[in-house]
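Counting starts at 1 for both ligands and their atoms, following the listed order. Below, all heavy atoms of this structure are taken into account, side chains as well, without hydrogens, waters or symmetry copies. Position 1 is the first residue of the sequence; numbering continues from there.
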Amino acid sequence: MHIGVITLFPQMLDALRCGGITARALERGLLQLSTWNPRDFTHNKHRRVDDRPYGGGPGMVMQVQPLRTAIQMAISVLGQDTHVIYLSPQGRRFDQNGVQTLLNYPRLLMVAGRYEGIDERLIEQDIDEEWSIGDYVLSGGELAAMVIIDALIRWLPQALGHQESATTDSFYNGLLDHPHYTRPEELAGQKVPAILLSGNHAQIARWRHKQALGKTWRRCPQLLEQLELTAEQQQLLTEFITEQGE
Ligand SMILES: c1cc(-c2cnc[nH]2)ccn1
């Protein structure tokens with residue numbers, strides 16, 4: 001997979017190379033990450049990329065030409081079949097389904113805006129899709145791009161070690177994550193649930209599934225409504241509720 005990012009702050013993407021799964025994936029070439037800075041494609045002596053909005057109002061708007069030229073340069077490198085997305089609060093909400101959707105594009109170009117946004121004519125002509133990571137305004141699209149890149153990397157083959165698997169990530173199965181514990185066994189009177197010390201892997205898996213169902217029922221009941229719980233899941237959830245005395 002080759003991801004390109006159009007950004008005025010390419011150094012922000014260096015955070016993905018600092019360590020962990022994303023750094024390892026990039027070092028091993030599981031993913032290629034390239035950046036293009038619109039400021040390098042300006043045609044004015046002050047290298048301006050923005051201007052005042054027509055119709056008045058606060059802030060500045062990113063102009064079409066530097067962005068369009070940067071996008072065209074990126075596509076000439078990435079390939080003509082590159083899928084071009086713009087990160088904005090107006091976009092489709094990114095979630096686990098979005099991960100699977102974007103993984104279908106071997107070449108992805110992410111346009112990160114700044115200021116009040118980008119000229120609408122670029123969105124109309126050069127952008128295939130808008131994506132959002134939430135209903136809030138950030139100072140630019142870069143962090144949203146990095147969130148999406150991080151989530152995508154976890155699903156690249158070999159990105160996770162044999163001990164890890166994205167398929168056991170929470171939300172993959174539509175549920176919130178089960179609780180996690182590690183040493184010491186007791187801490188200020190707080191003990192690790194005995195089942196996790198039993199070595200009985202079938203019972204441990206059952207307990208974790210029950211906890212995930214219970215946590216989802218308690219915190220995000222609407223997620224459960226979207227799932228058709230199996231008879232076993234219904235039984236586990238009933239057990240959880242009974243045990244909680246609710
Ligand atoms: C994606 C992008 C943004 C954003 C882009 N520029 C300012 N905010 C916010 C949420 N999700």
Discussion item. Clusters formed by hydrophobic residues whose side-chain heavy atoms approach within less than 4.5 Å: which one holds L197, and what are its other members?
Written reply: Y181, V192, I195, L196, I204, W207
Fill in: Contact residues of ligand 1, where a non-hydrogen atom lies under 4.0 Å away
L87, S88, P89, W131, S132, I133, G134, Y136, V137, L138, G140, G141, A144
Fill in: Presence of salt bridge, R47 and D40, under 4.0 angstrom
yes
Discussion item. Less than 4.5 Å apart, side chain to side chain, heavy atoms only: is that true for E130 and R92?
Written reply: no
Discussion item. Considering only residues two or more places apart or on different chains, which pairs with a residue in residues 195-216 satisfy salt bridge (Lys or Arg N to Asp or Glu O under 4.0 Å)?
Written reply: R206-E239, K210-E239, K210-E243
Worksheet entry | Partners passing salt bridge (charged side-chain N to carboxylate O under 4.0 Å, His left out) against R114 (at least two apart in sequence or in another chain) | E142
Discussion item. Tell me if a side-chain donor or acceptor on D119 pairs with a main-chain N or O of Q63 at a distance below 3.5 Å.
Written reply: no
